[in-house]
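Working notes, beginning with the structure itself.
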Amino acid sequence: MSRKSRKFDHLHFSLSSNLRTSDFSDCLLVHQSISGVSFEDTDITTSLGGIPLDIPVFINAITGGAPETREINKSLASAARRAGLAMAVGSQMSALLNEDMEESFKVIREENPGGIIFANLGAYADLEMAERAVEMIQADALQVHLNIPQELVMKEGDRDFRGYLDNITALAKGLKIPLMVKEVGFGVSMETAQTLLEAGVRLLDVGGRGGTNFLDIEAQRRGIQLEKEWLNWGIPTLISLVEALHVFKGKGEVIASGGISNSFNLAKSLALGSKAAGIAGIPLKIIMEEGEDSFLDWMGELIHSLKVLMVMVGVTNLEELKKVPLVIRGKTGEWLSTRGIDITHLAQQR
Ligand SMILES: Cc1cc2nc3c(=O)[nH]c(=O)nc-3n(C[C@H](O)[C@H](O)[C@H](O)COP(=O)(O)O)c2cc1C
């Protein structure tokens with residue numbers, strides 16, 4: 001199976017699947033009747049690894065690496081530019097192996113010369129590969145993805161995952177731009193977060209379970225049916241966020257992703273302490289099926305509703321949002337307590 005046809009399968013099965021939203025119903029923001037703030041004053045600017053972002057949302061890694069993906073990346077980049085969003089490219093491995101594929105990534109920089117763009121490779125990448133990927137699109141940061149369950153279910157996937165940590169350590173030390181390590185929908189545990197922190201990683205995208213499901217996509221590619229327990233493998237985004245933040249708070253920055261698809265799970269992610277949220281399945285589907293304008297409308301609505309929620313909890317910026325009380329209950333509360341994470345301080349902070 002070539003990389004090129006794999007890319008099409010991922011796009012095809014992602015587009016033909018129903019969009020999934022991560023379940024954040026176990027996490028509640030607390031309404032404040034005397035808000036004391038004005039909607040007009042709400043400020044949603046943030047930063048990632050020192051890179052300023054006007055909006056705490058970015059388009060996460062999706063595609064590139066086949067001539068036909070050039071048009072898709074052009075549309076994604078155009079939508080990112082018009083919406084003022086940072087954007088990550090899909091894995092650039094194919095272009096490192098074959099320079100004919102570079103154009104499908106370079107189009108993103110051409111379309112958005114002044115935009116914030118993240119390069120993307122797997123954790124097999126060494127410093128030389130990383131520098132070539134960054135150079136290819138003049139990236140502002142590099143994403144390194146972790147996707148072991150996906151590789152294992154893929155017939156042609158990797159089977160040997162030794163050396164990842166050494167590579168990540170070398171990248172954290174040697175790269176001249178921020179390094180962001182990301183999961184692709186299986187979530188990051190507090191143990192993994194601790195390991196990555198010790199390896200020098202300061203930017204972590206939890207890529208939790210609840211949105212795009214690569215076990216489902218790979219099973220569809222193979223024409224096999226996976227049992228529910230396999231399809232539910234991974235750490236839900238909400239739990240992964242709290243676990244990663246438990247380790248990273250005050251030491252690094254955490255990004256929410258994996259089924260972040262509405263203002264409620266966005267606001268809750270930011271209130272828990274995330275610096276921003278990555279979205280992939282949603283922009284892909286809206287832009288491919290309805291066009292860029294529909295995506296811009298969707299983004300406008302998302303931001304408006306985020307600001308409405310900020311006013312309802314009485315804050316005007318994202319630093320204040322991180323201090324509002326959050327009640328975590330149910331199975332999520334049970335999981336976190338069993339894992340030794342104190343959730344009462346979140347419910348009582350002010
Ligand atoms: C079609 C498709 C291709 C993807 N390819 C990559 C990739 O090359 N590299 C990567 O790091 N993540 C890749 N992802 C994963 C996303 O960046 C993201 O981590 C994941 O989809 C979860 O976010 P979501 O629920 O908002 O879609 C891909 C996602 C989709 C939908």
Side-chain angles (χ1 to χ4, degrees), residues 19-39 41-44 46 55-57 185 187-190 193 204-211 232 234-250 253-279 282 298 301-350:
L19 280 174
R20 298 179 176 99
T21 294
S22 271
D23 183 4
F24 273 56
S25 57
D26 274 346
C27 175
L28 297 161
L29 289 160
V30 181
H31 171 62
Q32 303 299 346
S33 302
I34 299 190
S35 162
V37 301
S38 158
F39 182 89
D41 291 340
T42 46
D43 169 6
I44 56 165
T46 184
I55 296 169
V57 175
V188 173
S189 67
M190 60 179 168
L204 179 61
D205 177 344
V206 299
R209 171 164 70 77
N232 283 342
I235 307 169
T237 300
L238 172 59
I239 290 179
S240 181
L241 259 183
V242 181
E243 290 215 359
L245 281 159
H246 179 66
V247 175
F248 263 56
K249 228 171 196 170
E253 298 175 0
V254 172
I255 295 158
S257 81
I260 302 295
S261 60
N262 60 48
S263 53
F264 278 91
N265 53 25
L266 173 61
K268 290 172 187 181
S269 298
L270 296 168
L272 284 166
S274 314
K275 291 281 283 190
I279 53 173
I282 287 218
W298 182 83
E301 190 54 44
L302 181 76
I303 286 166
H304 178 83
S305 307
L306 169 64
K307 290 181 173 180
V308 167
L309 286 169
M310 286 167 69
V311 174
M312 293 198 296
V313 296
V315 303
T316 51
N317 62 54
L318 300 185
E319 278 312 307
E320 290 171 5
L321 183 58
K322 282 179 194 146
K323 295 181 191 132
V324 304
L326 279 161
V327 178
I328 298 187
R329 61 177 184 180
K331 287 204 166 99
T332 307
E334 211 178 280
W335 170 303
L336 294 169
S337 300
T338 318
R339 297 274 282 161
I341 297 178
D342 172 34
I343 49 172
T344 48
H345 81 275
L346 285 171
Q348 292 165 15
Q349 67 183 4
R350 43 195 329 150

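When reading the values below, keep in mind they use all heavy atoms of this one structure, side chains included, and skip hydrogens, waters and symmetry mates.
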Can you name the residues that form a side-chain hydrogen bond (donor to acceptor under 3.5 Å, both in side chains) with Thr316, not counting sequence neighbours?
Glu320
Under 3.5 Å donor-acceptor, Thr237 side chain and Gly258 backbone:
yes
Qualifying residue for side chain to side chain contact (heavy atoms under 4.5 Å, CB included) with Leu245, from Ile341, Val206, Leu204, Val254
Val254
Just verifying a value: how many Å separate Phe264 CZ and Leu302 CG, rounded to the nearest 0.5 Å?
11.5 Å
Closest heavy-atom pair and its distance - Leu270, Lys322
O-CG, 3.4 Å
Looking only at non-hydrogen atoms, find the nearest pair between Gly278 and Ser257 and report the distance.
O-CB, 3.3 Å
Measure from the side-chain N and O atoms of Lys249 to the backbone N and O of Gly273, and report whether any donor-acceptor pair falls under 3.5 Å.
no
About how many Å separate CG of Leu346 and NZ of Lys323, when rounded to the nearest 0.5 Å?
14.0 Å
Determine yes or no for a side-chain-to-main-chain donor-acceptor pair under 3.5 angstrom, with Arg209 supplying the side chain and Gly187 the backbone.
no
Gly314 to Val37 - nearest heavy-atom pair and separation
O-CG1, 3.8 Å
With the side chain counted from C-beta on, respond yes when Val30 and Val327 share a heavy-atom pair under 4.5 Å apart, and no when they do not.
yes
The test is side chain to side chain contact (heavy atoms under 4.5 Å, CB included); show your working for Met310 and Leu318 and say whether it passes.
CA-CA 9 Å; Met310 286 167 69; Leu318 300 185; 4.1 Å; yes
With distance as the sole test, does Ser240 use its side chain to make a donor-acceptor pair with the main-chain N or O of Val188 at under 3.5 Å?
yes
Under the side chain to side chain contact (heavy atoms under 4.5 Å, CB included) criterion, do Trp335 and Asp26 qualify, and how do the steps go?
CA-CA 11 Å; Trp335 170 303; Asp26 274 346; over 6 Å; no
What's the separation between atom OG in Ser269 and atom CD1 in Ile260, rounded to the nearest 0.5 Å?
3.5 Å
Contact summary for Leu309 and Ser263, nearest pair of heavy atoms:
CD1-O, 3.5 Å
Do Pro56 and Leu306 come close enough that some side-chain heavy atom pair is under 4.5 Å?
yes
Report the distance from atom CD1 of Ile255 to atom CG of Asp205, rounding to the nearest 0.5 Å.
5.0 Å
Using 0.5 Å steps for rounding, measure from the CD1 atom of Ile235 to the CG atom of Leu241.
11.0 Å
I would like to know whether Glu243 and Val247 meet side chain to side chain contact (heavy atoms under 4.5 Å, CB included); could you show each step before the answer?
CA-CA 7 Å; Glu243 290 215 359; Val247 175; over 6 Å; no
Distance col, row Ser337:OG vs Ile343:CD1, nearest 0.5 angstrom, shows 4.0 Å
Would you say the side-chain atoms of Asn265 pair up with the backbone N or O of Lys268, donor to acceptor, closer than 3.5 Å?
no
Would you check if Leu321 and Val313 make a side-chain contact, meaning some heavy-atom pair closer than 4.5 Å?
yes
So, the side chain of Thr46 versus the backbone of Lys275: is there a donor-acceptor pair under 3.5 Å, distance only?
yes
Does some side-chain heavy atom of Leu238 sit less than 4.5 Å from a side-chain heavy atom of Ser22?
no
Is a side-chain N or O of Gln349 found less than 3.5 angstrom from the main chain of Pro325, in a donor-acceptor match?
no
With a 4.5 Å limit on heavy-atom distance, are the side chains of Val311 and Lys307 in contact?
no
Could you walk me through whether Arg339 and Val242 pass side chain to side chain contact (heavy atoms under 4.5 Å, CB included), step by step?
CA-CA 11 Å; Arg339 297 274 282 161; Val242 181; over 6 Å; no
Would you say the side chain of Ile328 lies within less than 4.5 Å of the side chain of Leu272, judging by non-hydrogen atoms?
yes
